[in-house]
**Q** 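Attaching a single structure in C-alpha cells format; questions to follow.
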Amino acid sequence: MTLLQNRFQRVYDRIHQAEQACNRDGQVQLLAVSKTKPASMVREAWHLGQKHFGESYLKEALGKINELSDLSDIHWHFIGPIQSNKTRDISNHFDWVHSVDRLKVAQRLNDQRPDELPPLNICLQVNISGEGTKSGIELQALPSLIQSIANLPKLKLRGLMAIPAPETNIEKQCEPFKVLNNTLHALNKEFSLNMDTLSMGMTDDLEAAIQEGSTIVRIGTALFGARSYSNG
Ligand SMILES: *Cc1c(COP(=O)(O)O)cnc(C)c1O
C-alpha cells in the first residue's frame with residue numbers, strides 16, 4: 001500500500017464508522033482538499049478512485065485543472081474566499097462553489113457561466129461561529145440572499161457550508177453543525193426548496209459533522225499530509 005492509499009483508507013474508515021454510528025450509511029461524500037498539493041498527488045488520488053477535489057486558491061487551481069485535463073470524470077470544487085474579479089474563471093472551470101456569501105458574487109457566477117455547461121452547483125457559506133474575521137454570511141441574512149439567488153438560471157442552489165471555529169471537544173464541535181442542519185431544513189420549508197447538501201466537517205471534526213447530518217466532508221490534511229503555505 002502506498003502512503004496515499006493508506007491515508008485514503010484511514011479516512012474512508014473514519015467516515016464509514018461515523019456514518020454507522022448514526023445510521024447514515026453511504027450518505028457522506030468525500031471531497032479531497034488538494035490545495036497547496038501538486039497535480040501529481042491529485043492524479044494519484046484519482047487513480048485510487050477519488051473524483052472530487054477541493055481547491056481554495058484560484059491561480060494554483062487553474063494550473064492543476066489544466067495539467068489534469070486528460071482525466072475524465074474529475075470534478076472540481078472551489079472552496080476558498082471569492083473576490084468578485086475572479087468569478088469568471090471560477091464559473092468557467094469548476095463544477096461546484098461552496099463559498100458563495102453575497103449576491104454580487106452569485107450574480108456574476110450566474111451571468112458568466114457558459115451556456116454549454118450545466119448550472120453551477122453552489123453552497124452558501126454561513127458564518128456559523130459569529131466571528132467577525134471569518135468569511136460567510138450571517139444566519140439572519142440567509143433568507144433574503146436565498147430569495148435573490150433562487151431564480152438565477154445558471155446556478156443550482158445545493159445547500160449550506162460552514163467552517164466553525166476549532167473546538168477539541170466533540171459536543172462543542174457538534175453545536176454549530178446542528179444549527180446549520182436545522183437552518184437548511186427550515187429554509188427548505190420556508191422557500192419550498194430541495195437543498196440537499198451540508199458541506200461541513202474537516203480533518204479534525206468530521207465525526208461531529210457526520211453525526212449532525214453532513215453530506216460532504218472536506219478533508220485535506222488527513223489525506224495529503226500537513227500543508228506548507230509558503231507557496232500556497
Ligand atoms: C483547507 C480547507 C479544508 C481542509 O481542511 P483540513 O483540516 O486540512 O482537512 C476544508 N475546507 C476548507 C474551506 C478549507 O479551506
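Numbers here are sequence positions counted from 1. Whatever order the structure lists them in is the order used to number ligands and atoms, beginning at 1. Bear in mind that the values here come from a model prediction, so they are computed numbers and not experimental data.
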**Q** Evaluate the side-chain proximity of Val33 to Met202: yes if any heavy-atom separation is below 4.5 Å, no if none is.
**A**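 Met202 vs Val33: side chains apart.
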**Q** Give the atom numbers and elements of ligand 1 that come within less than 4.0 Å of a heavy atom of Lys35.
**A**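 The atoms of ligand 1 under 4.0 Å from a heavy atom of Lys35 are 1 (C), 2 (C), 3 (C), 14 (C), 15 (O).
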**Q** Which residue pairs pass the ring-ring contact (aromatic ring centres under 6.0 Å, His included) test with at least one member in residues 97-117, sequence neighbours excluded?
**A**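 Listed by first then second residue: His77-His98, Trp96-His98.
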**Q** Please determine whether any non-hydrogen atom of Asp204 lies less than 4.0 Å from an atom of ligand 1.
**A**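 Checking ligand 1 against Asp204, which is what was asked, there is no heavy-atom contact under 4.0 Å.
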**Q** Pick whichever of His77, Met202, Met200, Met161 has a heavy atom sitting closest to atom 5 (O) of ligand 1.
**A**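 Of the listed residues, Met202 has the closest heavy atom.
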**Q** Hey, does the side chain of Lys154 reach the backbone of Leu109 with a donor-acceptor pair shorter than 3.5 angstrom?
**A** no
**Q** Applying ring-ring contact (aromatic ring centres under 6.0 Å, His included) as the test, list every pair that has at least one member in residues 160-206; sequence neighbours left out.
**A** none
**Q** Enumerate the atoms of ligand 1 whose separation from the nearest heavy atom of Ile219 is less than 4.0 angstrom.
**A**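 What qualifies from ligand 1 is 9 (O).
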**Q** Looking at Arg218, which atoms of ligand 1 are within less than 4.0 Å of one of its heavy atoms?
**A**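 Reading through ligand 1 atom by atom, the close ones are 4 (C), 9 (O), 10 (C), 11 (N), 12 (C), 13 (C).
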**Q** Closer than 4.0 Å to some heavy atom of Ile79 - which atoms of ligand 1 meet that?
**A**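 Listed by number with element, the hits are 11 (N), 12 (C), 13 (C), 14 (C).
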**Q** For the hydrophobic clusters of this structure (ILVMFWY residues joined by side-chain heavy atoms under 4.5 Å, transitively), does one cluster hold both Ile65 and Ile79?
**A** no
**Q** Do Lys37 and Val42 have side-chain heavy atoms sitting under 4.5 Å apart?
**A**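 The answer is no; the side chains never approach within 4.5 Å.
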**Q** Taking NZ, NE, NH1 and NH2 as the nitrogens, is one of them in Lys35 or Glu60 under 4.0 Å from a carboxylate oxygen of the other?
**A** no
**Q** Is the closest heavy atom of His98 to ligand 1 under 4.0 Å?
**A**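 No, His98 has no heavy atoms under 4.0 Å from ligand 1.
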**Q** Using a 4.0 Å cut-off to any heavy atom of Ile163, which atoms of ligand 1 qualify?
**A**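 Counting from 1, the qualifying ligand atoms are 13 (C).
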**Q** For Ile216, is there any backbone N or O sitting under 3.5 Å from a side-chain donor or acceptor partner on Ser214?
**A** yes
**Q** Measuring from atom 4 (C) of ligand 1, which candidate in Gly225, Gly220, Ser99 has the nearest non-hydrogen atom?
**A** Gly220
**Q** Which atoms from ligand 1 have a heavy atom of Ser56 less than 4.0 Å away?
**A**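 Reading through ligand 1 atom by atom, the close ones are 15 (O).
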**Q** Looking at non-hydrogen atoms alone, which of Val217, Leu223, Asp205, Thr203 comes nearest to atom 9 (O) of ligand 1?
**A** Thr203
